[in-house]
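Hydrogens, waters and symmetry mates play no part in the numbers below; they use all other heavy atoms, side chains included.
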Amino acid sequence: MDFFTAEVLTFQRLLTYYVLFFIHLETRRVSLAGFTPYPDQEWMEQQARNMTMEEWGCLRGCRHLLHDRDTKSANPFVN
């Protein structure tokens, strides 16, 4: 899992959006979890709930999650 940024031109100004994505290493499948200009704790927790849903979450059945120690937001995927 990681973030990349995209610059979006709005009516008022240029705004940086953070895009959260996951790559399944075995299949190389990429899943875009969501994007926001403000990746705070609440947003990350909601993405964690979405990605681990039993029926349709892209992390269902996964045993390990690799991530860096980025300080943009707290990581709710790891205790």
Parallel, tilted or perpendicular, as decided by the 30° and 60° cut-offs, for the rings of Phe21 and Phe4: tilted

Can you give me every donor-acceptor pair (side chain of residues 26-36, partner residue at least two apart or in another chain, under 3.5 Å) with its distance?
unit_1: Thr27; atom_1: OG1; unit_2: His24; atom_2: ND1; d: 3.0
unit_1: Thr27; atom_1: OG1; unit_2: Arg29; atom_2: N; d: 3.3
unit_1: Thr36; atom_1: OG1; unit_2: Tyr38; atom_2: N; d: 3.2

Strictly by modelled atom types, are Gln41 and Glu45 linked by a side-chain donor-acceptor pair under 3.5 Å? yes

Could you tell me the separation between the CE atom of Met1 and the CE atom of Met44, rounded to the nearest 0.5 Å? 4.0 Å

